[in-house]
Student: 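Have a look at the structure that comes next, please.
Atoms within each ligand, like the ligands themselves, are counted from 1 in listed order.
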Amino acid sequence: MGNVSSPVTALKGEEQRLVRCKEINRQQLLLRPVEVEKLVDLGHPVRAIWELVGRFNLELFYAEVESVEGVAGRPVWDPRLLISLWIYAYKEGVSSAREIARLCEYHPAYQWLSGLEVVNYHTLADFWIRHNEALDQLFIEVLGVLSHEGLITLQRVMHDGTKVKACASDKSFHRKATLQDHLRLAREQVEQMGDPESEELSQRVAKARQRALREKQQRLEEALKALEQIEASRSKASEKERARASSTDPEARVMLQAKGAYGPSYNVQISTDAKAKIIVGVGVTQAPTDAAELEPAVDRVEANLGEKPKQMVVDAGFTNQATMEAMTEKQVDLIGALPERSGVAPNRLQQRGVRPEFYPQAFEYDASADCYRCPAGKVLLYETQERQGASLRRRYRARASECRVCAFQAQCCPGTKRGRSLVRSEQTPELAAFQAKMETAEAQAIYKQRSGVAEFPNAWIKDKIGLRQFRLRGLAKVSLEALWACLTYNICQWIRLCWRPQILAQA
Ligand code: SF4
């Protein structure tokens, strides 16, 4: 029997008693045998991850290992173990190398994987970001297994984009003049840096400071380059002037988040096969909208699985003219929400001082001459056209010389030096066909499935894995983070749909 702590006096009814409790001895030393194999039960998902990762050809990971037989040096951690540790950690919502190293010290699942050894966090972090091509290949191999299990058919693929916050704050975004000031300051600081060996601080600290200053200078140079790209992508001078870039993550872009706020983000594009909600393609872009993202998504799926999806289902953010044409050319059936038709809203006209009698409906369209006639009887000729969404916007304009002398100018086009213009939105043949298709009950029934399939992996990756904000910076590195998350998601689907039923059947 163990030691007993000092009795405690307690009253039960009218009876006074001395209660005996077991003493907790924190001074003792214990040696316990640990049977590693029994740290986790047979149905534990960590076994499934280890088993599945072991099935794959990890040659690309092994190719980078420098410790080889016959050459001096210590053996390194097996890539199979490092992959399994990261996948299990992601599954549990852990995406920090330091945290995984800590968990290896006491958590049974991590201990089972590592055989009670603790993997250094530097090793884990390096492995996490180093194997770009190899991780892509692993993602494809997992898709091969899932396809073999009949979980992927590519008959119907739901596609969606989700914004994930970049590892940068709003305050890190600056205009050109501020970035140039910061860069000048950083260059001066780098030039003034002394020899770390002559510093009073420890050499390690001095070198770390110098490295931080050089990295800061490099990031500011990259931010200025990114700013040039942003400016080049904008047509209006006023928009170019307002352009800003982040000094922390120059490749991040300000995007509209799901909750309606703007913030530094990346746009993660995920294609999900409808059969078993398996992610069949993932990409990360700097595009603030989804408008041009469907065609590359189809290409990614084809590159991963060797064939194109038969049907892509998307929301209204993707359904525009260029996408419709691209899907027709690729012979992929497109199902999606109809884009909203746009024109100049009456309140915009009101703000410009246009009187209701001179709103567009007061202008008469002459189809035979393709022109409009205004309430004063003057002609508005075709001027230009542009695509907006899936509509063709044709602009017509009256002669400035006629409007200038018109008695109605103050009510029709006040303050306009050019003549009054009018926009006519037309449906393209592709939009008309798409609209006709989307009015059928079958297409509407398919579209209703979209949110349940396409938004499921997005929500899972954000809620379960916790990928609401990237830990890394730069497009290449955040793409890797997104790939690790999607790889983990697919492996979890395999565990749920294939491995666990087998284990239960054997039990
Ligand atoms: S201002 Fe120009 S467009 Fe307007 S009614 Fe007069 S002539 Fe016609």
Student: Which of these, R418, R393, R394, sits in a salt bridge (Lys or Arg N to Asp or Glu O under 4.0 Å) with E383?
Tutor: R418
Student: Going by atom types alone, do Q217 and R214 pair a side-chain donor with an acceptor below 3.5 Å?
Tutor: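 No, because no side-chain N or O of Q217 sits under 3.5 Å from a partner of the opposite role on R214.
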Student: Output side-chain donor-acceptor pairs under 3.5 Å for residues 283-301, partner residues at least two apart or in another chain, one line each.
Tutor:
| residue | atom | partner | partner atom | Å |
| --- | --- | --- | --- | --- |
| T285 | OG1 | A287 | N | 3.1 |
| Q286 | NE2 | E251 | O | 2.8 |
| T289 | OG1 | A291 | N | 3.4 |
| D290 | OD1 | N267 | ND2 | 3.0 |
| D290 | OD1 | Q269 | NE2 | 2.8 |
| D299 | OD1 | K330 | NZ | 2.6 |

Student: Mind listing the side-chain donor-acceptor pairs of residues 455-463 below 3.5 Å, one per line with the distance, residues two or more places apart or on another chain?
Tutor:
| residue | atom | partner | partner atom | Å |
| --- | --- | --- | --- | --- |
| E455 | OE2 | R450 | NH2 | 2.8 |
| K462 | NZ | T162 | OG1 | 2.7 |
| K462 | NZ | K163 | O | 3.0 |
| D463 | OD1 | R468 | NH2 | 2.2 |

Student: With a 6.0 Å cut-off on ring centres, are Y396 and Y372 close enough?
Tutor: yes
Student: Determine which pairs satisfy side chain to side chain donor-acceptor pair (under 3.5 Å) with at least one residue from residues 130-146, sequence neighbours left out, and list them in order.
Tutor: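 Found E64-R130.
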Student: Have a look around atom 2 (Fe) of ligand 1 and list protein N/O/S atoms under 2.8 Å, or say none.
Tutor: C403 SG
